[in-house]
Amino acid sequence: MTGFYRPVRWMLLLLPLALVSATPTVRVVTPPPPRPLGILAAMKPELEPIAEHVTDKSFLTYLGIPFTTGRLEGRPVVLAVTGVGKVNAAVATTLLLDHFQPAQVIFTGIAGGLNNELHIGDVVVASKVAQHDLGAFGPAGFQPSPVRNPLTGKPNPPFFECDPKLIEAAHRAAGRRALTPMEGSFRSPRVVDGVIVTGDVFVASAEKRNSLRTGFEADAVEMEGAAVGQVCYQQQVPFLVLRGISDSADERASSDVKSAMRTAVQNSVALTMSLVAELNEPTPASQPATAR
Ligand code: ADE
């Protein structure tokens with residue numbers, strides 16, 4: 001009798017185990033946290049008014065460059081001041097991409113206007129950016145030419161295209177917020193698309209201004225945008241450069257920057273903040289269809 005019952009007893013003992021292993025396991029998959037939006041500017045006054053609105057702030061320093069993380073308009077962001085010039089901009093952008101893996105990068109600040117249609121206080125949203133001082137100097141003078149992407153060995157394009165989705169969002173953002181007119185002016189500043197060129201020089205010469213305008217069909221000139229563009233292009237991260245016009249890159253540029261910096265920054269900041277808010281809105285295509 002006992003010999004007959006022993007297997008049954010074992011079966012009864014093992015039954016709960018069998019039931020547990022047969023039950024399908026429910027794995028709770030938590031989605032990865034959303035990647036932040038990177039926001040960079042060359043100088044503290046260009047970024048500070050944005051940083052003031054960041055909540056849940058933390059501070060991290062990499063190679064001596066301070067990064068501020070937190071939330072802006074409800075979205076995770078990481079902010080840094082790069083310093084002026086292409087090398088500083090490339091260093092900070094590389095650190096940003098490596099340590100924070102941002103989904104997109106926005107570079108904001110001021111620029112010199114090259115297009116006569118632009119007024120001080122207007123904001124240029126770059127369609128594409130290029131380095132105006134990268135190339136070869138031969139008997140025929142300066143010839144721009146891009147370098148190779150060290151990751152692929154292929155030549156980089158002459159212009160780095162800004163992300164079309166960010167450009168579209170900037171257009172929608174422009175409709176959300178009025179810009180500040182220059183002191184003593186009743187003209188409402190405009191947000192316009194344009195080509196931005198970048199070089200390691202502050203341009204304060206009508207002659208150089210004209211050559212950048214004709215050589216690159218450029219609308220504005222600054223000192224960081226295309227360096228950020230090159231790093232982002234090579235690392236396949238969408239980016240956008242937007243700039244408030246502070247001067248006309250002519251002989252009056254230095255004094256114009258002093259008097260117009262406040263309004264130019266106010267307007268680049270206003271568009272950047274409005275763009276961040278816009279990026280948090282569901283786009284018309286991603287909204288659920290409504291029943292008719
Ligand atoms: N940023 C603002 N104005 C500029 C200029 N004229 N040249 C280069 N960078 C600038």
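For reference, positions follow the sequence shown, starting with 1. One-based numbering, in listed order, for ligands and for the atoms of each.
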Would you call Arg243-Glu224 a salt bridge at under 4.0 Å N-O?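 Salt bridge present between Arg243 and Glu224.
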Does [atom1] in [X] sit with more than 12 non-hydrogen atoms of other residues, nucleotides or ligands closer than 6.0 Å?
X      : atom1 : value
Arg252 : CZ    : no
Glu217 : CD    : no
Glu52  : CD    : yes

Glu278 and salt bridge (charged side-chain N to carboxylate O under 4.0 Å, His left out): which single residue from Arg172, Arg75, Arg177 fits?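 Of the listed options, the one satisfying the test is Arg172.
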Identify the heavy atoms of Pro45 and Met261 that sit nearest to each other, and give their distance.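 For Pro45 and Met261, the tightest heavy-atom pair comes out as CB-CE, 4.2 Å.
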Can you tell me which residues line ligand 1 if we count any heavy atom under 4.0 angstrom from one of its atoms, in chain and number order?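 Close residues (ligand 1, cut-off 4.0 Å): Ile110, Ala111, Gly112, Val201, Phe202, Val203, Val221, Glu222, Met223, Ser246, Asp247, Ala249.
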